[in-house]
Number of protein chains: 2
Amino acid sequence: MSQVSPIIHKTRTQLVVEVLREKILSGEIKAGEPLRQSALASELNVSRIPVREALLQLEAEGLVKFEAHKGATATELSVEQASELFELRALIEPDLLAKSIPNLTEKQLDAAEEVLSQLESAFRSENAVNTWSELNTLYHASLYYGANRPQAMEVVKSLNTNSDRYIRLQLLLTGGIPRAETEHRELLNLCKAGNVEAATELLRNHILHAKDGVKTLVEEYVNNQN
Amino acid sequence: MSQVSPIIHKTRTQLVVEVLREKILSGEIKAGEPLRQSALASELNVSRIPVREALLQLEAEGLVKFEAHKGATATELSVEQASELFELRALIEPDLLAKSIPNLTEKQLDAAEEVLSQLESAFRSENAVNTWSELNTLYHASLYYGANRPQAMEVVKSLNTNSDRYIRLQLLLTGGIPRAETEHRELLNLCKAGNVEAATELLRNHILHAKDGVKTLVEEYVNNQN
DNA sequence: TGAGCCTTTTTTGTATACAAATTACAACAT
DNA sequence: ATGTTGTAATTTGTATACAAAAAAGGCTCA
């Protein structure tokens, strides 16, 4: 008969992962801050088991450092890490894009267009800082679907999650969104035109621009943390 | 007084991770095989808690698929995954090498040389199949230390772990070690000479050769699995 | 004052116990 | 036979309890 919408039973572990991830990305949990299992457990009304499992998953994502018998902390931010993250993205993402463009369907391009317009409205409305960041990642990903590269996508996803901390910090400090916003629209046009060469080059520079922006701001921030 | 060698207390979770990882890489646990928590727990004389945590970590490494309420299984092998893994490595590793070569110290080069000779003896002695695989990964990594790119190294490490399953399968099926063994020595020479261009190109081809070798063999294997 | 050692406290690691979800299976109806 | 429904068995998810390690505090002795 008709498709029965399946009830998704999220485990407590998954819920804790989501809560903690958001808190770390948003900066509510600061870099270096210890994450006490019992404290989090009672705060979130679960036992320590799902908290531990969540912390392990977040460690795999690179947001948490988990030391045996010592405890977990939110990983530290550094200019070096930020640079490396963006440079790695600048290497991998253009490659993905190049492989994707020839295979992108109309449907996929429309989906990207849709995300892009949401991104642009988030850009105009000032306070939509955290949604902008999310949409930004989603927009990038939506251009790579044609590549059919699940492993690479996973790597990029992880790199993006970590970049997100820096981007949100930047948005927080500058109070706004990077000026390089027009590049997104241009990128989509190049993809539609099937201009692989120009699109990958633009993407590469786009990511490296983002790196430069983040770099200078994080530099001050990290210094002023002492 | 004298340096007291610190007793490393490995947690049970860590031990379980190591045991299971080796079993999956070696093929003792076959692709798709379900990993029952209680069975593993009693087999390894621990409770289910460290087993669960180990399975979660192995999921992050890409060796295990963990589905809520359904259980964990060793991830499936596929030609597509193998190809993608090696192609990603062919993208990232040469970049790492290029950044590394100008900064490689004598000491680091000597260390690489040392690993290489071990690799070569493992190559000659037939049955040292699993140590060869390990040394191979280590040798590659040892050439990248100069790059000072911890994040990229982590990504490469993960890709290598997954490649390892395919390489070991290949070694198992062919009963020997790839013929491209001489390339390793040549690569080290180019690194010593500081010839970035030639070294990265050789490395790229080296990885893509490995890909081709694995690909054809895995193709048959996966087909014959039914 | 401060360095070392012991005790206490806190925190993590893991076993056990129970709850909840999934799967296997038997009885039944078609 | 095939498919369906309800029940039992299996398996996973999580709370609780206890063991072990690390950190904090206090004591002694130079």
Side-chain angles (χ1 to χ4, degrees), chain A residues 1-21 23-24 29-61 63-76, chain B residues 1-21 23-24 29-61 63-76:
Chain A
M1 237 204 71
S2 71
Q3 173 81 4
V4 178
S5 76
I7 303 161
I8 302 295
H9 272 285
K10 275 193 186 167
T11 64
R12 292 177 206 276
T13 298
Q14 289 172 295
L15 290 172
V16 176
V17 166
E18 286 168 21
V19 170
L20 291 184
R21 185 193 291 122
K23 285 195 181 189
I24 293 173
I29 292 174
K30 286 198 280 288
E33 188 174 326
L35 302 162
R36 301 275 164 233
Q37 296 172 11
S38 329
L40 293 171
S42 57
E43 186 184 326
L44 302 172
N45 271 299
V46 296
S47 79
R48 274 174 51 223
I49 299 290
V51 171
R52 279 182 65 82
E53 295 190 352
L55 290 173
L56 283 170
Q57 284 191 229
L58 291 168
E59 175 175 53
E61 289 181 23
L63 298 179
V64 161
K65 188 172 73 175
F66 197 114
E67 286 177 300
H69 301 290
K70 299 267 183 80
T73 54
T75 49
E76 297 282 358
Chain B
M1 235 205 71
S2 70
Q3 172 80 4
V4 178
S5 74
I7 302 162
I8 302 295
H9 270 285
K10 276 193 185 166
T11 64
R12 292 174 206 276
T13 298
Q14 289 171 295
L15 291 172
V16 176
V17 166
E18 285 168 22
V19 170
L20 291 183
R21 185 194 291 123
K23 285 195 182 190
I24 293 173
I29 291 176
K30 287 198 279 289
E33 189 174 326
L35 301 162
R36 301 276 163 232
Q37 296 173 11
S38 329
L40 293 171
S42 57
E43 187 184 325
L44 302 171
N45 272 299
V46 296
S47 78
R48 275 174 51 224
I49 299 289
V51 172
R52 280 182 65 81
E53 295 190 351
L55 290 173
L56 284 170
Q57 282 192 230
L58 291 168
E59 175 174 53
E61 289 181 23
L63 299 179
V64 160
K65 187 172 74 177
F66 198 113
E67 287 177 297
H69 300 291
K70 299 269 182 79
T73 54
T75 49
E76 297 282 358

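Lettering follows sequence order; numbering is per chain, from 1.
Across D/dG13, C/dG13, D/dT14, the shortest atom-to-atom separation from the side chain of B/Q37 is found for D/dG13. Distance from the side chain of B/H69 is smallest for C/dT22 among the nucleotides C/dT22, D/dA22, C/dT14. Here the nucleotide nearest the side chain of A/K70, chosen from C/dT14, D/dG13, D/dA22, is D/dA22.
Straight-line distance from the CD atom of A/Q14 to the P atom of C/dA20: 18 Å, rounded to whole Å. If you take CG of A/L15 and P of D/dG13, they are 13 Å apart, rounded to a whole angstrom. We find that CD of B/Q57 is positioned 11 Å from P of C/dG13, with the value rounded to whole Å.
In this model, the phosphate group of D/dT14 is approached by a side-chain N or O of A/T13 to a distance below 4.0 Å at OP1 or OP2. An OP1 or OP2 oxygen of D/dT10 is reached within less than 4.0 angstrom by no side-chain nitrogen or oxygen of B/S38.
With values rounded to the nearest 0.5 angstrom, A/T75 atom OG1 is found 12.0 Å from A/E33 atom CD. How far CD of B/Q57 is from CZ of B/R52: 13.0 Å, rounded to the nearest 0.5 Å. Atom-to-atom distance recorded for A/T13:OG1 and A/L56:CG is 10.0 Å, nearest 0.5 angstrom. Here CG of A/L58 is found 8.5 Å from CG of A/L35. Values are rounded to the nearest 0.5 Å. With rounding to the nearest 0.5 Å, the separation of OG1 in A/T11 from NE2 in B/H69 is 6.5 Å. In this structure, CD1 on A/I49 lies 8.5 Å from CD on A/Q37, to the nearest 0.5 angstrom.
With contacts defined as side-chain heavy-atom distances shorter than 4.5 Å, the pair B/E53/B/V17 does not qualify. Two residues are said to be in side-chain contact when any heavy atoms from C-beta on lie closer than 4.5 Å; A/L55 and A/L20 meet this criterion.
Near DNA chain D, defined here as any heavy-atom distance below 4.0 Å, the residues from residues 40-56 of chain B are B/R48, B/I49, B/R52, listed numerically.
Applying the salt bridge (Lys or Arg N to Asp or Glu O under 4.0 Å) definition to pairs two or more places apart or across chains, those involving residues 11-20 of chain A are A/K10-A/E18.
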Tabulate atom names and distances for all N/O pairs under 3.5 angstrom spanning the protein and nucleotides 7-10 of chain C.
none

